[in-house]
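Report on the following structure.
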Amino acid sequence: MKILFFGTPRFAEIVLQQLLHSHHTVVGVVCQSDKPAGRGNKMKSPHIVQMAKENNLPVFQFERLSEHIDNFKQIDCQLGVTASYGKYIPKALLDILPIVNVHPSMLPKYRGGTPIQSALLNGDEVTGVTIMKTNVGMDDGDIYVQQKLEILPEDDYVSMIEKTASLGAKLLLETLDKIENNTATLTPQDETQATKVKLIKKEDGLLDFSASAAKLVNKVRAFSESPVAYFFVGGERIKVHKAKLATDFENEEALLGKAGAIIPNKKRFLIQAGCGVFEILKCQGEGGKVLDASAFLNGHHFKAMVVDA
RNA sequence: CGCGAGGUAGAGCAGCUCGGAAGCUCGCCGGGCUCAUAACCCGGAGGUCACAGGUUCAAAUCCUGUCCUCGCAA
């Protein structure tokens, strides 16, 4: 089939990659427009543009899709595929082009823009991927197929993007074949089970050490890569890229410290949480690179210090 | 020209305000203590202090330019 692809971030890239390797023909990539980003506020294209160009695919970066319906009418394609496009698809477009969506959760659970982060934040051990029909509502279209996927303790946002996108691509290709053969079936979502997830804000990444260490670890996992969980010590902001629950910690004296106390240790970066001990494995100080905890501690000597409230 | 931080031994940092013998923590090598150790003690190697100019009797330190890294904001 001739397919028009809608998607912007890493998740979309993985799905697109698989689509390009299939027998279907991708006729173009629709993604968000260039934006000033980073130091110097230079204009930057989404990374997926690079992939599209390498494959000689036309790229469409429209600020408002609804203003370009005529453009879409001229594109020779039978089906649209959305994968983390990042914006609503207007009804006018859905009227002229059937669209299939890849969503990294077991819908109707976790509708919205942050399904993977939400699953990690909640400490879920299982999530999934759903292939469904895109319609005007928020991830509420009828379902073609869905499959569960295990979340391992060492998984974080980055690894789950890879896993869900790979599975999503596989399910998508199977679904496309069925649509092509007219054997696809649709199942409505159970509205009574629907949950919606909120967008993540940078300030949500602040670690509150009165919470349990397990919850803090989940936050670090959910916020990995971007925007990254953080806290302050002595006025310095420290970003936590990787952490774990220190289950092997046996020093009971140290455990008497209050939440947020940094437990003295030469090689391990341990912080007392409201319940349990939080161990930082990779972190980043101000103006510095991401470091292993042991390297970071070599230059930062925290004596009896407590995390800023 | 959006705002800001930084480049000093293999790693992470201090020193710079106020120019005057290159330091700390870790790693590495060797030795000692130990049943033993990621513990402890002794010794050792390893740096054109990012690069290029300038000021000075003297520059990691002050001035100018260049390159690179990172954070914030959007």
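In what follows, chains carry the letters A, B, and so on, assigned in the order in which the sequence lines appear, proteins first and then strands, with residues in each chain numbered from 1.
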Rounded distance (Å) that lies between atom C1' of B:A38 and atom CG of A:Leu297: 14 Å
Phosphate OP1/OP2 of B:C70 contacted by A:Gln284 side-chain N/O (<4.0 Å): no
Sugar-phosphate, base or nothing in reach of A:Lys202, heavy atoms under 4.0 Å: sugar-phosphate
Salt-bridge criterion met for A:Arg10 and A:Glu162 (N-O under 4.0 Å): yes
B:C62: pairing nucleotide in any strand, Watson-Crick or G-U under 3.5 angstrom: B:G54
Sugar-phosphate only, base, or nothing, as touched by A:Gly285 at under 4.0 Å among non-hydrogen atoms: nothing
Rounded distance (Å) that lies between atom P of B:C72 and atom CD of A:Glu203: 13 Å
RNA chain B: 5'-proximal contact among A:Ala37 and A:His300 (nearest heavy atom): A:His300
Rounded distance (Å) that lies between atom C1' of B:G12 and atom CD of A:Glu236: 12 Å
Span that lies between the P atom of B:U56 and that of B:U61, in whole angstrom: 16 Å
Distance, rounded to the nearest Å, where A:His241 contributes NE2 and B:G71 contributes P: 7 Å
B:C26 and B:C42, which share atom name P, separated by this distance in whole Å: 12 Å
Residue of the set A:Leu270, A:Ile280, A:Val233 for which side-chain contact (heavy atoms from CB on, under 4.5 Å) holds with A:Ile262: A:Val233
Pairing partner of B:C40 (Watson-Crick or G-U wobble, both distances under 3.5 Å): B:G32
Any strand: nucleotide that pairs with B:G19 via Watson-Crick or wobble, under 3.5 Å: none
Euclidean distance, atom CG of residue A:Asn41 to atom P of B:G4 [Å, nearest integer]: 14 Å
A:Glu63 and its side chain to side chain donor-acceptor pair (under 3.5 Å) partner, picked from A:Gln32, A:His68, A:Lys87: A:Lys87
Under-4.0 Å side-chain N/O to phosphate OP1/OP2 contact, A:Lys289 with B:C68: no
Under-4.0 Å salt bridge between A:Asp34 and A:Lys44: no
Pairing residues for A:Glu174 by the salt bridge (charged side-chain N to carboxylate O under 4.0 Å, His left out) criterion, not counting sequence neighbours: A:Lys170
B:C16 versus B:A59 - spacing of their C1' atoms, nearest Å: 11 Å
N/O (side chain, A:Lys267) to phosphate O (OP1/OP2, B:U25) under 4.0 Å: no
Phosphate-side-chain proximity, A:Arg39 and B:G71, N/O vs OP1/OP2 below 4.0 Å: yes
Along RNA chain B (nearest heavy atom to each residue), the more 5'-positioned of A:Gly40 and A:Gly288: A:Gly40
Between B:A5 and B:C13 - C1' atom distance, rounded Å: 15 Å
Short N-O contact, A:Glu154 and A:Lys242, less than 4.0 angstrom: no
P spacing across the pair B:C24 / B:U34, given as an integer number of angstrom: 28 Å
Base-pairing mate for B:C24 - Watson-Crick or G-U, with both contacts under 3.5 Å: B:G12
Side chain of A:Arg237 (C-beta onward), nearest among B:C72, B:C26, B:A74: B:C72
Atom C1', compared across B:A21 and B:A60: separation rounded to whole Å: 13 Å
Nearest-angstrom distance, C1' atom, B:A14 to B:U8: 10 Å
Interatomic distance, A:Lys201 NZ vs B:C72 C1' [rounded to whole Å]: 19 Å
Point-to-point distance, once rounded to the nearest 0.5 Å, from OG1 of A:Thr114 to CG of A:Leu120: 10.5 Å
Nucleotide paired to B:C67 in any strand shown, Watson-Crick or G-U, under 3.5 Å: B:G7
Atom pair distance, as rounded to whole Å: CD in A:Glu225 and C1' in B:C70: 16 Å
Under 3.5 Å on both distances, the Watson-Crick or G-U partner of B:U48: none
A:Lys35 vs B:A74: side-chain N/O to OP1/OP2 distance below 4.0 Å: no
Distance between C1' atoms of B:G65 and B:G30 (Å, rounded): 47 Å
B:G12 OP1/OP2 closer than 4.0 Å to side-chain N/O of A:Lys282: no
Atom pair distance, as rounded to whole Å: NZ in A:Lys44 and C1' in B:A74: 12 Å
